[in-house]
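Working notes, beginning with the structure itself.
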2 protein chains.
Amino acid sequence: MPTRKNAGPAVTPAASRRPRPSGGSASERRDHLVKLAAELFARKGFQATTVRQIADEAGILSGSLYHHFDSKETIVDEVLSTFLDDLVARYRAALEVGGTPREVLSEMVRIGFSTLEPHRAAITVMQNDWNYLLSLPGDRFAYLMKAEEEVERMWLEQIKAGQAAGEFRPDVDPKLTYRMIRDTIWVAVRWFRPGGRLNTTGLAEHYITMLFDGLATGERTSQQGS
Amino acid sequence: MPTRKNAGPAVTPAASRRPRPSGGSASERRDHLVKLAAELFARKGFQATTVRQIADEAGILSGSLYHHFDSKETIVDEVLSTFLDDLVARYRAALEVGGTPREVLSEMVRIGFSTLEPHRAAITVMQNDWNYLLSLPGDRFAYLMKAEEEVERMWLEQIKAGQAAGEFRPDVDPKLTYRMIRDTIWVAVRWFRPGGRLNTTGLAEHYITMLFDGLATGERTSQQGS
DNA sequence: GTCTATACGGCGATAGAC
DNA sequence: GTCTATCGCCGTATAGAC
């Protein structure tokens with residue numbers, strides 16, 4: 001079942017706005033075009049990708065694209081909202097399962113790295129064109145910030161819970177820590193390629209080790225309280 | 001003295017290509033234009049920034065820009081090469097000072113974060129437009145990869161030395177570890193703003209703690225050998 | 001060193017035939 | 001659902017006056 005799980009409401013407008021045809025064949029074509037466009041956006045950047053290039057890739061002319069989408073922005077909107085809906089749904093599910101803060105955070109790290117392969121293009125676009133899309137006139141891409149805020153709340157909750165339980169060191173800033181974790185995960189799309197020495201699972205476990213236990217061997221230093 | 005220290009040769013072509021006028025007044029104007037352009041590139045992206053906008057910002061017309069630069073690419077070239085020359089020179093200097101791997105790595109982390117403020121715009125451009133610039137026809141921006149490779153060698157050397165000395169855990173991958181450190185530092189330009197709770201020094205110390213000792217309190221887990 | 005004026009191409013998007 | 005044809009705009013860059 002490739003459609004949304006019922007773990008919560010859609011967080012992005014485009015996802016709920018999108019019509020759900022019965023046969024599915026009409027939207028398969030559309031989805032295919034979105035995938036092609038996403039690859040180009042990721043490789044060249046949103047603005048540097050022209051509607052003619054997208055159409056070329058699909059073997060049609062640029063004018064024909066406008067039978068499926070009313071603008072280039074609509075396409076990138078769909079790329080990003082599809083990814084964010086999936087991501088947020090999986091985070092919510094992980095929180096429902098529960099566990100110690102360390103267990104939940106580990107799972108959230110795994111979820112993040114596991115999206116690297118299926119959503120590589122979308123994550124790349126999100127990283128490179130986030131600021132530009134937010135700077136566009138109108139509120140069209142405001143949902144990007146909304147999604148980011150919900151995700152941040154979920155992470156912060158766990159980090160703070162871990163500190164309150166004495167599981168995490170009290171002398172680190174939760175927000176700062178969250179940002180560094182988040183960035184480390186997403187920025188990996190820049191260099192991660194499937195088929196390398198490590199798959200995304202190995203990547204996640206490597207990072208979980210570093211995150212919780214650090215690079216150093218031996219005794220810890222500067223373990224002073226808050 | 002704002003010019004290059006004699007800690008090594010320039011690593012970027014643009015830097016050595018650039019004429020060094022005696023009076024300095026002529027190049028001050030040029031440097032000013034580069035700074036204005038860098039801010040716009042950082043805010044809107046290289047491609048989305050037009051030469052007309054750059055000229056507007058400087059209070060001249062777009063045609064007049066071409067008295068100073070022969071193309072828009074030349075401007076971004078100068079933005080990036082100035083930053084990279086400074087960065088590489090400082091890394092080289094840190095390696096010359098020496099110390100234990102942990103000390104040297106800590107210093108390299110500090111150097112990285114300390115560039116966030118003076119080179120904020122350049123780092124942002126580097127992050128967002130790296131792929132696009134490398135994809136341009138010709139070898140013009142190939143020096144970006146050259147610089148990146150030299151920097152990677154410097155980091156890997158220290159990580160591996162630390163593992164050989166038993167200072168760092170042997171069960172992490174040096175290259176992977178380097179990439180994650182590098183990404184965590186640079187990606188901070190996305191959210192770091194001077195005047196917040198933490199300055200770049202505090203940021204660096206926070207990260208050094210996390211990097212070496214991790215988030216967890218208490219005993220370490222999974223300390224198996226290679 | 002800046003301005004005026006403009007060349008030239010490619011951009012996103014549209015209308016209507018098929 | 002795609003093509004043909006095209007509109008109007010804006011992009012980088014240039015030439016020559018001042």
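In what follows, every heavy atom counts, from backbone to side chain, and hydrogens, waters and symmetry copies are set aside. Below, chains carry the letters A, B, ... as their sequence lines are ordered, and counting in each starts from 1.
- Per the geometry, CZ belonging to A:R52 stands 18 Å off P belonging to D:dT2, to the nearest Å.
- Ion pairing between a basic and an acidic side chain is recognised when a charged N comes within 4.0 Å of a carboxylate O; A:R153 and A:E150 show no such pairing.
- Contact check of residues 39-48 of chain B against DNA chain D (heavy atom, cut-off under 4.0 Å) returns no residues at all.
- Distance, B:L33 CG to C:dG1 P: 11 Å, rounded to whole Å.
- Counting only heavy atoms from C-beta outward, the side chains of B:R43 and B:T124 never approach each other to under 4.5 Å.
- Contact annotation: B:R29 side-chain N/O to C:dT2 OP1/OP2 distance is under 4.0 Å.
- Across residues 58-72 of chain B, B:I60, B:L61, B:S64, B:H67, B:H68 each have a non-hydrogen atom less than 4.0 Å from an atom of DNA chain C (numbered order).
- Salt bridge annotation for B:R140-B:D77: present, with a cationic side-chain nitrogen under 4.0 angstrom from a carboxylate oxygen.
- Look at A:R182 and A:E148 and you find a salt bridge, because one of the NZ, NE, NH1 or NH2 atoms lies within 4.0 Å of a carboxylate O, short of that distance.
- For A:K146 and A:E149, the salt-bridge test fails: no basic side-chain N is under 4.0 Å from an acidic carboxylate O.
- Listed for the B:S27 side chain is no donor-acceptor partner under 3.5 Å among the backbone atoms of B:R30.
- In this pair, B:W155 and B:Y178 present their aromatic rings tilted. The plane angle is within the 30 to 60° band.
- Figure legend: A:K72 and A:F46 shown as a cation-pi pair, the cationic atom lying under 6.0 angstrom from the six-membered ring centre and within 45 degrees of its axis.
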